[in-house]
Novice: 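Provided herewith is a single structure, encoded as structure tokens, for subsequent inquiry.
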Amino acid sequence: MTATLEPVTADEVYTADVEPRRRDRLGRVAAGALDLWCAMSGGRFDLTNEGVVVVRRRRDGGLELRVPAGGPEAAAVLLDVMRTQLETLSPDEFREGWGID
């Protein structure tokens, strides 16, 4: 008799990673121009380095959630929070907390 085991934690069902933000051609040019202008004036804008934290299903790689994360530091913090929740919450609790249908 074979029993099917239910996943205990959400990380058995989902993965979380940072992916680059998708932009159309005009958006990439505008972001690059703003970054260049900021760098030349002594500031830092980092629009071209913005990322998105993405949650995908392990079984088929299907997209479940995309959360804009801002720059690299913010993306790292959000990814750490997301992965901690994946390790500690059940799949149902994780879906409810992030509003995944």
Side-chain angles (χ1 to χ4, degrees):
M1 177 152 79
T2 306
T4 303
L5 298 176
E6 290 292 321
V8 176
T9 59
D11 69 338
E12 296 175 40
V13 179
Y14 301 110
T15 63
D17 291 302
V18 176
E19 295 181 2
R21 182 175 172 200
R22 293 185 205 163
R23 296 181 194 269
D24 59 9
R25 182 179 202 122
L26 181 60
R28 284 191 307 269
V29 170
L34 283 170
D35 280 348
L36 179 62
W37 176 76
C38 246
M40 291 174 61
S41 63
R44 186 174 150 200
F45 213 38
D46 270 344
L47 285 176
T48 53
N49 288 332
E50 287 184 350
V52 178
V53 175
V54 176
V55 175
R56 295 188 180 277
R57 292 183 301 271
R58 285 189 182 274
R59 89 181 128 84
D60 64 359
L63 179 67
E64 286 290 325
L65 180 67
R66 293 179 66 83
V67 181
E73 294 87 9
V77 170
L78 181 58
L79 181 62
D80 185 52
V81 167
M82 186 92 57
R83 285 183 173 167
T84 299
Q85 289 182 1
L86 285 170
E87 292 171 357
T88 58
L89 299 176
S90 73
D92 289 337
E93 292 170 330
F94 183 80
R95 282 190 290 271
E96 183 180 329
W98 285 95
I100 299 172
D101 295 331

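The analysis underlying the following values was restricted to heavy atoms, covering all of them including side chains, and did not include hydrogens, waters or symmetry mates.
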Novice: Are Val67 and Ile100 co-members of a hydrophobic cluster defined by side-chain heavy atoms under 4.5 Å apart?
Specialist: yes
Novice: Quick one: closest heavy-atom pair of Pro68 and Arg66, and the distance?
Specialist: CD-O, 3.9 Å
Novice: If you take all heavy atoms of Leu78 and Ala69, which pair is closest and at what distance?
Specialist: CD2-CB, 4.0 Å
Novice: With Arg83, which of Thr15, Asp17, Asp11, Val53 fulfils side chain to side chain contact (heavy atoms under 4.5 Å, CB included)?
Specialist: Asp17
Novice: Restricting to side chain to side chain contact (heavy atoms under 4.5 Å, CB included), what partner residues turn up for Glu12, sequence neighbours left out?
Specialist: Pro7, Val8, Thr9
Novice: Report the residues that fulfil side chain to side chain donor-acceptor pair (under 3.5 Å) with Asp92, sequence neighbours left out, ordered by chain and then residue number.
Specialist: Arg95
Novice: Tell me, please, which residues at least two apart from Val55 pass side chain to side chain contact (heavy atoms under 4.5 Å, CB included).
Specialist: Tyr14, Ala16, Glu64, Leu65, Met82, Phe94
Novice: Same cluster for Leu79 and Val54 if Ile/Leu/Val/Met/Phe/Trp/Tyr side chains link at under 4.5 Å?
Specialist: no
Novice: Return yes when atom CG of Asp101 has more than 12 non-hydrogen atoms of other residues, nucleotides or ligands closer than 6.0 Å, and no otherwise.
Specialist: no
